[in-house]
Amino acid sequence: MQLKFTKMNGAGNDFVMLDNRDRSLSLDPSRIAHLCDRHRGIGADGVLMVEPSLHGADFLMRYYNADGGEAEMCGNGARCFARFATSLQAKPSEEVSFETLAGLIRAQITDGLVTIAMSDPHSHRPPETLDVAGEEMEVHFLNTGVPHAVAFVSDLEAVDVRKAGAALRYHQAFAPKGTNANFVQTIEPGLIAIRTYERGVEDETLACGTGVCAAALLYHLKSQTPSPISVKVRGGDTLQVGFEKVAGNFRKVTLTGPADFVFAGTITL
Ligand SMILES: N[C@H](CCC[C@H](N)C(=O)O)C(=O)O
């Protein structure tokens, strides 16, 4: 089987993009994982498929992690999806909407930067002290389309993200589905830095969009710093998170950042 694909990345979080508007593709988890394999496949943190909308949006977005499992949402992936899906249109639009398992996402494309309006965050938990790989950490939690545990630290470079990230990702407190694990350091008021161990990639990624949103919103709760909040990711980019508070709840959360085409090709499966 010859499969056409496009490779993109959003702030270093990289993806295989597939056009499945005819719904002819049916890839099992092992094939998805093969596409993401950095030695035997194309190499990526995940796979995004463009499918026809089911409820009146422009498209439907399916997201799969590198381990082949489907996830509800992907923030960096959604920005890449917006640019890729509109590139398939006869007259590419600058605004696009698409359904995800986490809800409807609207995107605005301007000069290579993409702003997505996220689904409303939920399931906020007050911080709790957890044993994370033998170290006591105060851990916050928020679901921004997918689950995120966030620990604020004084020195991001000193964190063993693979060890502490895996311990948090599989921690009993987040069983059975687990969570993404984020470590955040305040750089200056309104600017934080983040490192993320991603569920389903099972490693640190160069950026995690939904993690960036969770970190920014939880940082607001800690510091009362107003919107927008800038977040510097491991890959070197700085993403912007906007939000409003309505009756104490976060609403109109937006994520702005790059979404770049890298190459297109055909893989033999
Ligand atoms: N690994 C995440 C999904 C992708 C999130 C990340 N790539 C993003 O940009 O939001 C999970 O399984 O919950």
Side-chain angles (χ1 to χ4, degrees), residues 10-13 71-80 82 100 102-103 105-108 113-127 137-156 159 161 165 168-169 174 179-199 204-259:
N13 200 192
E72 302 86 339
M73 173 54 184
C74 175
N76 290 318
R79 294 202 314 279
C80 292
T100 73
I105 303 293
R106 296 184 187 284
Q108 171 83 36
L113 282 183
V114 183
T115 295
I116 54 173
M118 308 288 284
S119 50
D120 289 341
H122 60 87
S123 307
H124 175 239
R125 291 190 207 177
M137 285 190 172
E138 182 183 80
V139 179
H140 304 243
F141 181 88
L142 186 63
N143 188 304
T144 50
V146 288
H148 284 279
V150 176
F152 291 89
V153 300
S154 55
D155 181 357
L156 209 45
V159 178
V161 172
L168 202 43
R169 178 260 184 272
F174 306 107
T179 181
N180 299 282
N182 303 271
F183 304 92
V184 178
Q185 180 181 344
T186 301
I187 306 302
E188 60 188 47
L191 173 63
I192 57 178
I194 187 171
R195 295 178 70 183
T196 303
Y197 178 100
E198 272 199 50
R199 178 184 71 167
E204 180 175 10
T205 57
L206 294 181
C208 175
T210 49
V212 158
C213 291
L217 299 179
L218 290 166
Y219 166 69
H220 166 78
L221 291 180
K222 261 170 66 83
S223 65
Q224 293 306 305
T225 305
S227 169
I229 289 171
S230 299
V231 185
K232 186 167 172 33
V233 296
R234 193 66 173 161
D237 291 286
T238 297
L239 307 185
Q240 302 295 328
V241 178
F243 57 90
E244 292 181 12
K245 290 284 282 299
V246 177
N249 296 309
F250 289 112
R251 293 290 179 268
K252 297 187 179 177
V253 178
T254 59
L255 174 67
T256 300

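Predicted model only: the values in this text are computed from it and were never measured. Numbers for residues simply follow the sequence, beginning at 1.
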- Task: Just jot down the salt bridge (charged side-chain N to carboxylate O under 4.0 Å, His left out) partners of Glu138, sequence neighbours excluded, or say none.
- Result: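 Partners of Glu138 by the salt bridge (charged side-chain N to carboxylate O under 4.0 Å, His left out) criterion come out as none, since no residue qualifies.
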
- Task: Return the set of residues passing salt bridge (charged side-chain N to carboxylate O under 4.0 Å, His left out) with Arg125 (not counting sequence neighbours), or none when no residue passes.
- Result: Glu128

If you look at every heavy atom in [X] and [Y], which pair is closest and at what distance?
X: Ala82; Y: Val114; result: CB-CG1, 4.0 Å
X: Ala216; Y: Val231; result: CB-CG2, 4.1 Å
X: Ala181; Y: Gly165; result: CB-O, 3.5 Å
X: Val184; Y: Ala215; result: CG2-CB, 3.6 Å
X: Cys208; Y: Thr196; result: CB-CG2, 3.6 Å
X: Ala11; Y: Ala207; result: O-CB, 3.3 Å

- Worked verdict on Val139 versus Val150 for side chain to side chain contact (heavy atoms under 4.5 Å, CB included): CA-CA 6 Å; Val139 179; Val150 176; over 6 Å; no

- Measure the acute angle between the ring planes of Phe152 and His140, then classify it against the limits of 30° and 60° as parallel, tilted or perpendicular.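 Answer is perpendicular, since the angle exceeds 60°.
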
Hey, does the side chain of [X] reach the backbone of [Y] with a donor-acceptor pair shorter than 3.5 angstrom?
X: Asn13; Y: Asn76; result: no
X: Ser223; Y: Thr225; result: yes
X: Arg79; Y: Pro258; result: yes
X: Asn182; Y: Ala149; result: yes

Can you give each donor-acceptor pair under 3.5 Å made by side-chain atoms of residues 185-194, sequence neighbours left out, with the distance rounded to 0.1 Å?
unit_1: Gln185; atom_1: OE1; unit_2: Leu156; atom_2: N; d: 2.8
unit_1: Gln185; atom_1: NE2; unit_2: Ser154; atom_2: O; d: 3.2

- Message: Test side chain to side chain contact (heavy atoms under 4.5 Å, CB included) on Val146 and Arg199; report intermediate values, then the result.
- Response: CA-CA 10 Å; Val146 288; Arg199 178 184 71 167; 4.0 Å; yes

- Task: Drop me the distance from Thr205's OG1 to Glu198's CD, to the nearest 0.5 angstrom.
- Result: 3.5 Å

- Which distance, rounded to the nearest 0.5 Å, do you find between the OG1 of Thr144 and the CD of Glu72? 10.5 Å

- Query: For Asp120 and Asn249, what are the C-alpha separation, side-chain angles and deciding distance, and is it a side chain to side chain contact (heavy atoms under 4.5 Å, CB included)?
  - Reply: CA-CA 9 Å; Asp120 289 341; Asn249 296 309; over 6 Å; no

Could I get the full list of side-chain hydrogen bond (donor to acceptor under 3.5 Å, both in side chains) partners for [X], not counting sequence neighbours?
X: Thr210; value: His148
X: Gln108; value: none
X: Thr256; value: Thr115
X: Thr179; value: none

- Could you check Val161 against Phe183 for side chain to side chain contact (heavy atoms under 4.5 Å, CB included), going step by step and ending with a plain yes or no? CA-CA 8 Å; Val161 172; Phe183 304 92; 4.3 Å; yes

- Message: Can you confirm if the aromatic rings of Phe174 and Phe141 lie within a centre distance of less than 6.0 Å?
- Response: yes

- Query: Taking the side chain as C-beta and beyond, is there a heavy-atom pair between Met73 and Ile116 under 4.5 Å?
  - Reply: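 Contact flag for Met73/Ile116 side chains = yes.
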
- Non-neighbouring partners of Arg234 that pass side chain to side chain contact (heavy atoms under 4.5 Å, CB included), sequence neighbours left out: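 Scan of Arg234 (side chain to side chain contact (heavy atoms under 4.5 Å, CB included), adjacent residues dropped) gives Glu157, Arg195, Glu204, Leu206.
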
- Message: Run the side chain to side chain contact (heavy atoms under 4.5 Å, CB included) test against His122 and tell me which residues pass, sequence neighbours left out.
- Response: Asn143

Can you list, pair by pair, the side-chain donor-acceptor contacts under 3.5 Å of residues 238-246, counting residues two or more places apart and other chains?
unit_1: Gln240; atom_1: OE1; unit_2: Ser230; atom_2: OG; d: 2.9
unit_1: Gln240; atom_1: NE2; unit_2: Ser230; atom_2: OG; d: 3.2
unit_1: Lys245; atom_1: NZ; unit_2: His220; atom_2: NE2; d: 3.4

